[in-house]
Amino acid sequence: MAYWLMKSEPNCFSIDDLAARPDQTAGWDGVRNYQVRNMFRDQMRIGDQAFFYHSSCAVPGIVGIMRIVSDAYPDPTQFDPRADHYDPKSTPEHPRWLQVDVKFECKFARPVTLATLRAHQERLKGLQVLQPGNRLSVTPVREDHWHYILQLAS
DNA sequence: GCCAACGTTGGC
DNA sequence: GCCAACGTTGGC
């Protein structure tokens with residue numbers, strides 16, 4: 001089983017939004033980056049766990065945990081001309097973008113902020129979200145990092 | 001709102 | 001295939 005970190009802007013889709021969904025499950029749509037698409041397709045598996053990270057907000061950081069509950073499948077928003085992430089070059093016959101379904105697992109009582117992660121960067125060396133210029137919205141998390149961050153949340 | 005990083009696009 | 005222009009991300 002693998003571990004991930006997935007970013008979302010909370011004013012767009014927050015961990016509370018996920019928890020409020022029917023079955024606390026939602027499609028992680030809107031990804032328009034080939035590296036992330038390939039990760040969805042080639043590396044992410046049902047049962048994997050992911051940190052929910054709030055980005056572009058007052059206090060960026062990890063706010064909880066979710067689980068991957070589907071294989072990768074075409075992101076329906078790419079075909080919808082009214083959707084923000086509509087892609088006119090994509091067709092249902094040859095979909096370009098994929099998504100996975102994620103299910104809420106828990107929300108941390110205390111978020112692990114980006115500042116906290118930075119304060120522990122010696123122990124979290126190699127965590128992609130701490131690397132300058134990191135822009136991927138989905139990144140793998142090493143198992144030892146995963147468990148260390150869980151301790152920071154408790 | 002600024003700005004650095006970096007992915008994508010498109011002309012050649 | 002190169003590379004400049006452009007757009008997006010995301011912290012501050």
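No hydrogens, no waters, no symmetry mates; every other heavy atom, side chains included, goes into these values.
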Quiz item: How long is the span from the CE atom in Met44(A) to the CG atom in Asp71(A), to the nearest 0.5 Å?
Solution: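 Here the interatomic distance stands at 11.5 Å.
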Quiz item: Does Arg32(A) or Gly133(A) map to a spot on DNA chain B nearer the 5' end, using the closest nucleotide for each?
Solution: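 Of the two residues, Gly133(A) wins.
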Self-check item: Note: Asp87(A)-Lys89(A) ion pair, threshold 4.0 Å (strictly below)
Solution: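 Salt bridge absent between Asp87(A) and Lys89(A).
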Quiz prompt | Presence of salt bridge, Arg32(A) and Asp75(A), under 4.0 angstrom | solution =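 Salt bridge: yes.
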Quiz item: Is the distance between the ring centroids of Tyr34(A) and Trp97(A) under 6.0 Å?
Solution: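 Yes, ring centres under 6.0 Å apart.
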Self-check item: Proximity of Trp28(A) and Phe40(A) rings by center, below 6.0 Å
Solution: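 They do not qualify: ring centres at least 6.0 Å apart.
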Atom [atom1] of [X] to atom [atom2] of [N]: distance rounded to whole Å?
X         : N       : atom1 : atom2 : answer
Met39(A)  : dG7(B)  : CE    : C1'   : 14 Å
Asp84(A)  : dG7(C)  : CG    : P     : 17 Å
Leu136(A) : dG11(C) : CG    : P     : 13 Å
Asp87(A)  : dG7(C)  : CG    : P     : 17 Å
Leu117(A) : dG11(C) : CG    : P     : 11 Å
Gln131(A) : dA5(B)  : CD    : P     : 14 Å
His85(A)  : dT9(C)  : NE2   : P     : 6 Å
Ile62(A)  : dG10(C) : CD1   : P     : 14 Å

Any idea which of [options] is nearest the [X] side chain?
X         : options                  : answer
Leu114(A) : dT8(B), dT9(B), dG11(C)  : dG11(C)
Asn33(A)  : dG7(B), dG11(C), dT9(B)  : dG7(B)
Tyr34(A)  : dG10(C), dT8(B), dG11(C) : dT8(B)

Quiz item: Starting at the 5' end of DNA chain C, which residue's closest nucleotide do you reach first, Arg118(A) or Arg135(A)?
Solution: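 Closest to the 5' end, via its nearest nucleotide, is Arg135(A).
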Quiz item: Phosphate oxygens OP1/OP2 of dT9(C): is one of them under 4.0 Å from a side-chain N or O of Lys7(A)?
Solution: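 For dT9(C), neither OP1 nor OP2 has a side-chain N or O of Lys7(A) closer than 4.0 Å.
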Quiz item: Counting only side-chain N and O atoms of Tyr53(A), is one of them less than 4.0 Å from OP1 or OP2 of dG11(C)?
Solution: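 Affirmative; the distance criterion is met.
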Quiz item: So what does Ser55(A) hit on the nucleic acid, given a heavy-atom distance under 4.0 Å: a base, only sugar-phosphate, or nothing?
Solution: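 Sugar-phosphate contact only - Ser55(A) comes under 4.0 Å of backbone atoms but never of a base.
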